[in-house]
Amino acid sequence: MASSQPRKEELSGSSAHMCECRVTHNFFVRSIGMHFEYDGDDAEFQHRYAGQLVDGDGDALSSLAVAGILAEVREQRAERLQAPEESLARVQRIEQSYRRLHPEVYTIDPKAFLAESFLELVEALRGCQTSLRGVSSSLENLKSRGLLQEKRPGLWTFKVFTEAFCDLLETELANFAASGLPCTAPNTMNRHGVILAELGFYPGLLNPLVYEYVDVLAGQLLPDHTEGLDSYRAFTVLYDAAVDGDRDLALHYDNAEVTLNVNIGGSWAGGQVAFYGLATEEESDTPAEISLQRGHGVLHAGLDMHKALPITSGRRHNLVIWCRSSRVRNQLCPMCFRQPCVLPTCKYFDEGFTVPPCRLACEKHSETGCNPNSCHSDDDLYG
């Protein structure tokens with residue numbers, strides 16, 4: 001159930017941290033559709049993956065091909081090390097130079113922005129009885145009224161935004177794209193989209209959306225995955241059948257306890273999102289495929305394995321919110337499945353861990369006797 005705990009930014013002494021696996025795990029090489037681990041040791045990388053790097057016929061890749069993969073992974077790691085500092089520089093430039101086209105879209109207007117059915121859904125779940133029988137009865141009532149659809153256990157769809165809001169947001173984002181100001185890929189797998197924190201959407205728009213609305217839904221619909229949402233990462237992704245567009249997305253899970261994915265625009269064919277079940281469980285042979293209308297969203301556990309099937313024509317534009325619960329992730333990092341040892345970072349790369357109970361990576365390294373000069377938590381690397 002949703003918790004009444006204070007949000008992370010309100011906790012005394014809180015600051016931004018990310019798990020150290022951010023700079024050692026989950027390097028995605030699109031050309032072969034694989035994720036890799038790499039800590040800067042080239043020889044260890046080549047030894048680890050020697051038998052896994054094969055072509056379509058099962059033959060080992062050439063040494064030149066392996067060297068190319070390693071070079072790409074090495075470059076990604078270097079980019080991650082510099083990303084927090086570069087994010088701060090982008091934000092400063094955007095704040096100084098960007099002229100907003102629709103200032104009103106940065107502050108939530110529930111009646112204008114949020115679908116009436118969404119508001120009704122949230123209020124119904126906010127006020128329902130906390131007993132299992134009471135929640136179950138409320139969910140059945142909401143499903144019978146068409147306010148909520150359960151595609152399979154743990155996979156929920158419903159309308160979130162109005163057409164008017166989607167129009168405003170897409171127009172504002174197009175205006176930013178036309179400004180020529182710098183932006184970066186929204187995550188490690190998608191190339192096209194924007195990180196919404198860097199444009200200033202958090203305080204007035206997304207904070208209330210997540211903490212006042214999505215938190216209620218997550219607590220009632222996915223109670224096994226959250227103990228109260230207290231941080232998040234929001235971004236847009238754009239799939240486009242045009243040349244050099246992102247047409248699909250490989251199988252993965254999210255750095256989140258709960259994910260809300262909402263379509264905000266586009267006209268396309270193909271491009272369904274296929275869900276295969278939790279990464280901690282056996283993969284389903286019959287995935288559930290979701291295709292969202294504009295303004296409609298899917299709420300799912302971050303650990304629910306999913307991929308975007310190829311878009312065959314047109315474009316699809318989505319808003320994705322990785323919602324995080326520190327009381328859950330402080331026990332186990334969802335990306336490396338280990339007790340998190342964390343690194344300081346800037347607020348735009350905060351992964352929702354808190355210290356304590358999490359330990360700083362340098363504390364762990366002091367216990368293992370590593371060279372402190374090579375510890376990844378150097379402040380100058382993380383801003």
Backbone N or O of [Y] within a donor-acceptor pair of the [X] side chain at under 3.5 Å?
X: Asp246; Y: Arg191; answer: yes
X: Thr162; Y: Ala112; answer: yes
X: Asp59; Y: Asp55; answer: no
X: Glu257; Y: Ser325; answer: yes
X: Glu283; Y: Gly277; answer: no
X: Asn330; Y: Thr354; answer: yes
X: Asp350; Y: His17; answer: yes
X: Gln220; Y: Leu125; answer: yes
X: Arg30; Y: Met189; answer: yes
X: Arg324; Y: Arg233; answer: no

Point to revise | Phe118/Phe161 aromatic ring centres below 6.0 Å | key: no
Check your understanding: Do we get Arg22 above Phe349's six-membered ring, with its NZ or CZ under 6.0 Å from the centre and within 45° of the axis?
Key -> no
Review point. Is Arg48 close enough and on-axis enough to Phe36, meaning under 6.0 Å and within 45°, for cation-pi?
Key: no
Check your understanding: Salt bridge check: are Arg100 and Glu172 linked by an N-O gap of less than 4.0 Å?
Key -> no
Practice item. Output the distance between atom CG (Asn190) and atom CZ (Phe235), rounded to the nearest 0.5 Å. Key: 6.5 Å
Exercise for review: For a side chain to side chain donor-acceptor pair (under 3.5 Å) with His252, tell me which candidate from His35, His306, Lys307 qualifies.
Suggested key: His306
Check your understanding: Taking a hydrophobic cluster as the set of Ile, Leu, Val, Met, Phe, Trp and Tyr residues connected by side-chain heavy atoms closer than 4.5 Å, whether directly or through intermediates, do Val273 and Leu319 fall within one such cluster?
Key -> no
Point to revise | Flag for Tyr232-Asn207: side-chain donor and acceptor within less than 3.5 Å | key: yes
